[in-house]
Protein chains: 4
Amino acid sequence: MDPELELIRRQAEHKLPPATWDFLSAGAGTESTIRDNQAAWQRWWLRPRVLRDMSRVDTRAEVLGGEVAAPILLAPVGRQRAFHPDGEEASAAAAAAADTVYCLATSATTDLHALAGRPGRRWLQLYVSEDRELTRQVVANAAAGGYERVVVTLDRPVEATRPRSRRHRTLGPLPDGAAVTTHLGDGSTREHRPGRWDRALTWSDLDWLAELGLPLTAKGILNGEDALRCLDHGVDSVIVSNHGGRQLDGAVPTAVALTEVIDAVDGRAPVLVDGGIRTGGQAFRALALGVRAVLIGRPYVWGLAADGERGVGRVLDTLIAELRETMTLSGCAAIADITAERVRDRGGACG
Amino acid sequence: MDPELELIRRQAEHKLPPATWDFLSAGAGTESTIRDNQAAWQRWWLRPRVLRDMSRVDTRAEVLGGEVAAPILLAPVGRQRAFHPDGEEASAAAAAAADTVYCLATSATTDLHALAGRPGRRWLQLYVSEDRELTRQVVANAAAGGYERVVVTLDRPVEATRPRSRRHRTLGPLPDGAAVTTHLGDGSTREHRPGRWDRALTWSDLDWLAELGLPLTAKGILNGEDALRCLDHGVDSVIVSNHGGRQLDGAVPTAVALTEVIDAVDGRAPVLVDGGIRTGGQAFRALALGVRAVLIGRPYVWGLAADGERGVGRVLDTLIAELRETMTLSGCAAIADITAERVRDRGGACG
Amino acid sequence: MDPELELIRRQAEHKLPPATWDFLSAGAGTESTIRDNQAAWQRWWLRPRVLRDMSRVDTRAEVLGGEVAAPILLAPVGRQRAFHPDGEEASAAAAAAADTVYCLATSATTDLHALAGRPGRRWLQLYVSEDRELTRQVVANAAAGGYERVVVTLDRPVEATRPRSRRHRTLGPLPDGAAVTTHLGDGSTREHRPGRWDRALTWSDLDWLAELGLPLTAKGILNGEDALRCLDHGVDSVIVSNHGGRQLDGAVPTAVALTEVIDAVDGRAPVLVDGGIRTGGQAFRALALGVRAVLIGRPYVWGLAADGERGVGRVLDTLIAELRETMTLSGCAAIADITAERVRDRGGACG
Amino acid sequence: MDPELELIRRQAEHKLPPATWDFLSAGAGTESTIRDNQAAWQRWWLRPRVLRDMSRVDTRAEVLGGEVAAPILLAPVGRQRAFHPDGEEASAAAAAAADTVYCLATSATTDLHALAGRPGRRWLQLYVSEDRELTRQVVANAAAGGYERVVVTLDRPVEATRPRSRRHRTLGPLPDGAAVTTHLGDGSTREHRPGRWDRALTWSDLDWLAELGLPLTAKGILNGEDALRCLDHGVDSVIVSNHGGRQLDGAVPTAVALTEVIDAVDGRAPVLVDGGIRTGGQAFRALALGVRAVLIGRPYVWGLAADGERGVGRVLDTLIAELRETMTLSGCAAIADITAERVRDRGGACG
């Protein structure tokens, strides 16, 4: 990654208590999925073309019903006040300033109402509670608060073992006033209880969710069959994700699963992806493979920890500038020019 | 592997005399097979599915005529009193407590009668003696002692050179009272004499063994032809194994040989596998490739050396918990759900 | 590379100010393309033949309308007075002495007129200015000054971010009297202004350039379609290049792009290549894959920095001697004998 | 390799002057061929079979008209008195004691007559002189001295640059009385003059050589066409070799070239191989791929340097014991049982 981003990463590591840093950095099991996610993007070489008039290069894109300055969105990450006192509010403000989408996590330390009325596009990531009425209220509140859609996470029936995080007894205290809560819509909140998230979810629950009134994106898809089946159950878009390597250790990297999902969906719905994206060139690869947008997670949280809203902004600026440069040097003046011909499989070539 | 298992490994290394540790750890020749065994499992990525109701996940499995809490069995390992005074009795007790199978080695330091009448499922691993009458008696004793089956090891016509172990003049003394013996069934014992194990064995000897009265499993199979031929000579199941890398240096890793054997056997008989399995995720991969169960060797001996029966139990608990978690996060509520669609070949992808 | 060349590289690093060394060594972004360029040549093994009478081995070759002592040319590299006071004049003199081609860069610190009338073959590398009249004059001056052809660089619509170089505030001062200038042909010069190089170039600009009176080579081609299209727009030869890894980070290595371009061009025009060539054996591989000649960049600048004209000569001598030796040991008495049968793809083999 | 062989290697390195050690160890150019030679054998996994009666395992083999205790021969290596005062006599004696073939080098420090009348099978490696009469006399002398055949080396039209050796000004002095000579058969000798070895050799020279009266083996073949053509010019067997990585840097590893040569020759003539063989398991792989025998070079010279004849014997004993063990553990009671089914390509699997 760019030395600027590496510097931000190191500033974040320096500022955060070890338990908090490890909570953020940890992956499931042997962390092989974190490593594979990052390496898999490098399996693709770029195949630039020349003489396409690069006097104007436009990174703007249409993503799920709205425009963004660039198809690089902020993925849901929980407990952001553990990383910076401004928490999710800072991240959302930076996303708005950069004209991209912020996706608030269910396990946020900022109530979803706190972002209502603020500028910028907002999505709400959701874990479905065993208490369906609670989930219904949350979605209704999100709709009322200007959230455009619900992103339901499907790869967390239980939380995986994450040894790097497990070795600390606690995740570190949250700042005063911060809590992981679920807002009920009547002014009251309930304590955030992952233990009540429903591990018995099946396809009919998707149908139910889709009828709650907000468009529905399924996150955590790693194969073509599941992607297609989602589309049959009320979902209008999918995010290829392995939870940043935090859930199933050894899961197929998202850059690899992506091609399978894209092939299966075959244009019926937009596909997005996250996992291991650390440069604008990797975002470019994902776009070339057919995604509508990418989401970044840890990198923007490094920015948050390092310097609050400004830090998140620096991370977004860096990645968008890299994407623009990659487009310019590849002969792609617009996002639509980033087609499959712009990448080439490295084959078995190592190194 | 999990840090918990790594910790146990280090405790074992710390407790054991170097000669004993090296006896356990050594592989044949350059030890390339040990390395390849472990790496080969990583050639498979996991391909999870979502929304399959993970409220109940059951690791129980039927393995060769009986149930186990999870299809992770204890492979035969010799001389266990060299690792802990309780030796094979501790390992067998831990297996019974975990509701899985213990396979006693021919070169055990515990008489096979000592386990008779104890709770738990027991198999006897056998090297065939040049003195067939002795072997006949051993099998008869095993049958009388509640051993369910004989596991005949076929990959040791001679013992391989193991440089890491060879550099020590001796394997280290056994504790008082421990001896590697063969029980004759009339109250007497004979000294354990590997020199008398028959290196002239051929297929007709399998027929003879199969008629001694206990079901017969062939261990040490690495190709499809041999697996099929075993089934024609009285064997009802095979274990794909390269002796944990202790016999033929450079042998094909078991994770690779496995697919060939599974294809050849084509459902005619159960196939099991050992070799390099250090995580529940690797056990999951083996199950996805079609085995009925996996066996672990060195890992449980680390537990034995570190803490006797309790240590073996900790190792089993760790691996079974990992298997359960991998199942949950892959959308497999039961062992039967772990099919070939749940893994994906990494191809030539490095790292 | 050869220890002699490695020694020259270290002498250069020792002599140059860090900012200058980093300017020379830097690649775009993560510098993955620099690494891949070098590694990609090693994907090919040599497949020698025997008994072909090696009493005379001739490295001479016809390259784009003239002979060279060996098909190893000097690629355009800017600002050479930053590396040695004699700058481009020293490099050009060494090329002439070695009887090969020198390609002057647009961003040279030596006026193109300064080389006019000197011995040796000369090409002019060109960036097209937004001010077409200026470009027209430069080409006219080059023609008048004995430059054989124009090499138009197409992979630099903008300059890429090069972090290793960026960390220095400046590139280091140029020696007294040196300046990066464009000669207008009327005795006056204009300041070198990369900011005015035209990023809006399209195919019709190639047509225009080709009609200015000098043969035209396109540099910076990495795919077959662009190569073919160049031939339809007045270009008579192409150089497969990714700017030595200085422009698009992650671009396909030239050794890989080469085979695609050679296949597409299918003999209609000569193809040359640069990128990562550090040994005569790598030049041999490129020739076997079908190029007419290779160009080297950084290696000869190491020679320039280390010892001026003499240093460049040592580098050329080393590489040509290596090429001759590789030919002799491969059974190729002449450049024409270096065919595709003389190399073999390593396949996925690592290491 | 086995720790025993590694120990011998270290003893040799300790005993020899650096210039002599580097002369022995050096490879051409970047030494990539030395590394690739060794790695290439590891591309093959062993695929053992069981229950084949291993009570007797016989390594004896018929190799080019005679029996050997095992198909592991001593390759020609020059200047052996530089490694030990007993030089070639010690190596030849060790070969005879081990009942295998010794191949004397043209650039030996022992006259070929000195071995005449000694026990053991002897071949003479030959470089053809520009003075054909000299070569004719040498072959006549070899025939008279009991040498069975001539092994003509074809991969050395010139000597390659070997940087590791080049850095020393000399190869180190030879012991008193040692000289690199060519015996003329009339009691006189001529100074050994590589400069007079004929680099203009072509196929007709093979015909001439083949008629001098001794059977002819061609050494240094790396492709199928050359192997076949040799057979049309009087050669009765070929050695796949790249001169131990000392000639063409980047040449295809012998383990890879081997399969091509074996396929082309298709049983018309015996094929042998050298290059990178450091274990009996690697010799086994070569035999499985179809060679009649392997030759070792540097390993036996380590033995020579470490301990003279006894040292060479230890190396041979180690490798033959490893071959026997590999055969036993693979179910191969005789050399003829080592067929292609006993190995399996690793595919792109790394590590």
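Each chain gets a letter, A, B and so on, in the order its sequence line appears, and its residues count up from 1. All values derive from a computational prediction rather than experimental measurement.
Contact between C:Val50 and D:Gly220 at its shortest, heavy atoms only, is CG1-O, 3.7 Å. The two residues C:Met54 and D:Pro157 come nearest to each other via the heavy atoms CB-CB, 3.8 Å. Residues C:Trp45 and D:Pro253 share a closest heavy-atom pair of CE2-CD, 3.3 Å. Closest non-hydrogen pair, C:Leu329 versus D:Asp155, comes out as CD2-O, 4.1 Å.
Two residues are said to be in side-chain contact when any heavy atoms from C-beta on lie closer than 4.5 Å; D:Arg229 and C:Arg49 fail this criterion.
Counting heavy-atom pairs under 4.5 Å between each of C:Ala333, C:Pro48, C:Ala321 and chain D puts C:Pro48 at the top.
Using a 4.5 Å heavy-atom cut-off against chain C, the contacting residues of residues 255-262 of chain D are D:Val256, D:Glu260.
Open room surrounds CZ on C:Arg10; 12 or fewer heavy atoms of other groups in view lie less than 6.0 Å from it. Heavy atoms of other residues, nucleotides or ligands lying less than 6.0 angstrom from CZ of C:Arg292 number 12 at most.
With a threshold of 4.5 angstrom between heavy atoms, C:Arg285 approaches chain D through side-chain atoms but not through N, CA, C or O. In this structure, chain D has no heavy atom under 4.5 Å from any part of C:Arg324.
Counted by atom type alone, C:Glu325 and D:Thr161 present one or more donor-acceptor pairs between their side chains at under 3.5 Å.
Atom-to-atom distance recorded for C:Leu46:CG and D:Asp249:CG is 8.0 Å, nearest 0.5 angstrom. If you take CZ on C:Phe284 and CG on D:Leu248, they are separated by 7.5 Å, rounding to the nearest 0.5 Å. Distance check, rounded to the nearest 0.5 Å: OG1 of D:Thr30 to CD of C:Glu6 gives 12.5 Å.
The pair D:Arg166-C:Asp2 meets the salt-bridge criterion, since a charged nitrogen lies less than 4.0 angstrom from a carboxylate oxygen. We find that C:Arg52 and D:Asp226 are joined by a salt bridge, their nearest charged nitrogen and carboxylate oxygen being less than 4.0 Å apart. The pair D:Arg167-C:Glu4 does not meet the salt-bridge criterion, since no charged nitrogen lies less than 4.0 angstrom from a carboxylate oxygen. Contact check on D:Arg199 versus C:Asp53 returns no salt bridge, with no Lys/Arg side-chain nitrogen under 4.0 Å from an Asp/Glu carboxylate oxygen.
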